[in-house]
Amino acid sequence: MEGETSWNSHCIDDMSKDIGEFDSFSELSDEGNKETIVSVDSILPDDLLERILAYLPIASIFRAGSVCRRWHEIVSSKRFLWNFSHVLSQKPWYFMFTSSDEPVGYAYDPILRKWYSIELPCIQTPNWFIASSCGLVCFMDNDSRSELHVCNPITKICKKLQEPPGMKFSDYSALSLSVSRTSHNYTISIVKSKQVPGNFLQWDLSIHIYDSETMMWATSLTEVLTGWRGGDESVICDGVLYFLIYSTGVGTPENRHSLVTYNLSSRSSPLIRSLIPVPGPLTCGRLMNLKGKLVMVGGIGKPDRPDIIKGIGIWVLTGRNWVEVGRMPHKFFQGFGELDDVFASSGTDNLIYIQSYGAPALLVFDMNQKLWKWSLKCPVSKKFPLQLFTGFCFEPRLESAP
């Protein structure tokens with residue numbers, strides 16, 4: 001099917017064009033205008049060839065590694081990985097699950113506009129909690145919420161982490177991951193929330209932090225919230241943990257959600273002092289880190305019916321104020337549904353992906369160009385009316401390792 005490619009077999013038909021254009025060239029000799037083929041291998045030193053290959057899309061680099069032994073050794077070397085990590089960043093990919101039972105699906109490459117068939121390591125079912133940063137993806141099981149893995153979905157390198165502290169079975173959990181682009185160390189945060197027995201308004205909330213450098217968990221904060229509970233949305237931006245909390249029935253419909261900011265260095269408390277209101281009545285919110293800025297994609301609710309979504313907006317947090325940077329045009333919004341929580345959204349760099357739960361269609365918003373467009377159609381069809389689709393965004397990187 002058009003647009004579909006098997007990643008594991010590297011059958012990338014038209015990617016050979018990226019390499020073939022500089023694989024060899026012809027010249028005329030002085031004797032008899034006889035054409036001579038000169039190979040790049042015979043004239044380019046390794047360091048220059050490394051720099052050329054490092055500018056290829058990541059899928060083409062895998063193809064380049066199968067050209068010959070020399071190229072394979074180059075793209076597998078530590079020096080090449082260093083060069084690759086310092087060139088222009090690869091555009092983020094979006095992985096879409098195509099089964100409700102197995103961790104299989106397709107990853108979309110926005111540069112080559114292709115879908116690659118990928119089976120994810122570590123994760124067992126699509127309903128696990130997922131967070132990503134700088135080429136790494138963290139998976140946490142949805143049952144005990146104590147099994148965590150960090151992996152690179154491109155290289156398939158995976159590491160299982162020790163069980164986090166805190167309450168074993170929480171009502172709500174929010175997972176986030178932040179990877180340093182310089183040291184490659186990473187921080188994982190889990191915000192756990194559980195109702196106080198016999199009290200609907202009060203919820204126990206705790207924050208647990210994992211440091212890859214020490215390979216240890218620490219419980220950073222425990223607090224009781226009144227009138228608010230935690231949820232499943234969180235992200236780390238520039239050393240600050242952001243997560244959404246949800247009203248338990250107190251207040252107006254405009255205040256169904258609020259944003260909590262928690263500095264991972266100073267670890268201030270109580271949390272209620274850091275609350276930032278969301279921009280108007282929202283049906284749901286999705287948080288993401290785009291170049292160190294907190295971005296929220298939210299379902300805009302009707303003033304008189306906040307559970308009915310009338311549009312989808314995008315905001316950037318500046319200080320303690322939200323600045324709207326985009327609103328989905330009506331022609332794209334049609335088909336997303338009307339009730340409450342109807343879409344998945346994640347992004348990094350300058351791209352935001354928005355996907356309806358009800359269909360395998362993927363909408364892309366470019367923050368720089370303020371441009372909306374559909375991705376190439378995913379090579380999967382809806383098999384039954386209630387089939388749901390979801391996914392996550394990640395950076396395709398070779399040098400990132402857990």
Ring centres under 6.0 angstrom apart (Y108, W93)
no
Should the pair R145 and F129 be classed as cation-pi, given the thresholds of under 6.0 Å to the six-membered ring centre and 45° from the axis?
no
Can you find a heavy atom in the side chain of L264 that is under 4.5 Å from one in the side chain of I236?
yes
Taking the side chain as every heavy atom from C-beta outward, state whether V325 and K370 have any pair of such atoms under 4.5 Å apart.
yes
For K160, does its backbone N or O pair with a side-chain atom of E147 as donor and acceptor, under 3.5 Å?
no
Scan S274, S234, S220 and name whichever one has a side-chain hydrogen bond (donor to acceptor under 3.5 Å, both in side chains) with Y262.
S220
Provide the closest heavy-atom pair for E233 versus L287 in the form atom of the first, atom of the second, distance.
OE1-N, 2.9 Å
Least distance between heavy atoms, P396 atom then P92 atom:
CD-CA, 4.1 Å
Which residue, T261, I245, L259, forms the side-chain contact (heavy atoms from CB on, under 4.5 Å) with L275?
I245
What heavy-atom pair brings C151 and C122 nearest, and what distance separates the two atoms?
CB-SG, 4.1 Å
Greater than 12 external heavy atoms within 6.0 Å of K373's NZ
no
With a 4.5 Å heavy-atom cut-off, do I314 and M296 have their side chains touching?
no
Given L175, which partner from the list V235, D232, I130, L148 fulfils the side-chain contact (heavy atoms from CB on, under 4.5 Å) test?
L148
Roughly how far, to the nearest 0.5 Å, is CG of L244 from CZ of R256?
12.0 Å
Is the shortest heavy-atom distance from the side chain of F343 to the side chain of I309 under 4.5 Å?
yes
Which residues pass the salt bridge (charged side-chain N to carboxylate O under 4.0 Å, His left out) test with R320, not counting sequence neighbours?
none
Does some side-chain heavy atom of M328 sit less than 4.5 Å from a side-chain heavy atom of F365?
no
Determine the minimum heavy-atom distance between M96 and W115, stating which atoms define it.
CE-CH2, 3.8 Å
Check whether any side-chain N or O of S346 sits under 3.5 Å from a backbone N or O of C393 as a donor-acceptor pair, and report yes or no.
yes
For G358 and F389, work out which heavy atoms get closest and say how close.
C-CD1, 4.1 Å
Can any side-chain N or O of D141 pair as donor or acceptor with the backbone N or O of S146 at less than 3.5 Å?
yes
Where the side chain of S170 meets the backbone of K192, is there a donor-acceptor pair that is under 3.5 Å apart?
no
If you define the side chain from C-beta out and look only at heavy atoms, does anything of W322 sit under 4.5 Å from I276?
yes
Do other residues, nucleotides or ligands put more than 12 heavy atoms under 6.0 Å from the CG atom of D238?
no
Identify the two heavy atoms, one from M288 and one from G347, that lie closest to each other, and give their separation to 0.1 Å.
SD-N, 3.5 Å
Compare all side-chain heavy atoms of S189 with those of V191 and state whether any distance is below 4.5 angstrom.
yes
Step by step, work out the side-chain contact (heavy atoms from CB on, under 4.5 Å) result for I188 and M140.
CA-CA 11 Å; I188 297 172; M140 180 174 71; over 6 Å; no
Quick check against the 3.5 Å criterion: does D366 have a side-chain atom that pairs as donor or acceptor with the backbone of L371?
no
Quick one: does P379's side chain get under 4.5 Å of Y106's, heavy atoms only?
yes
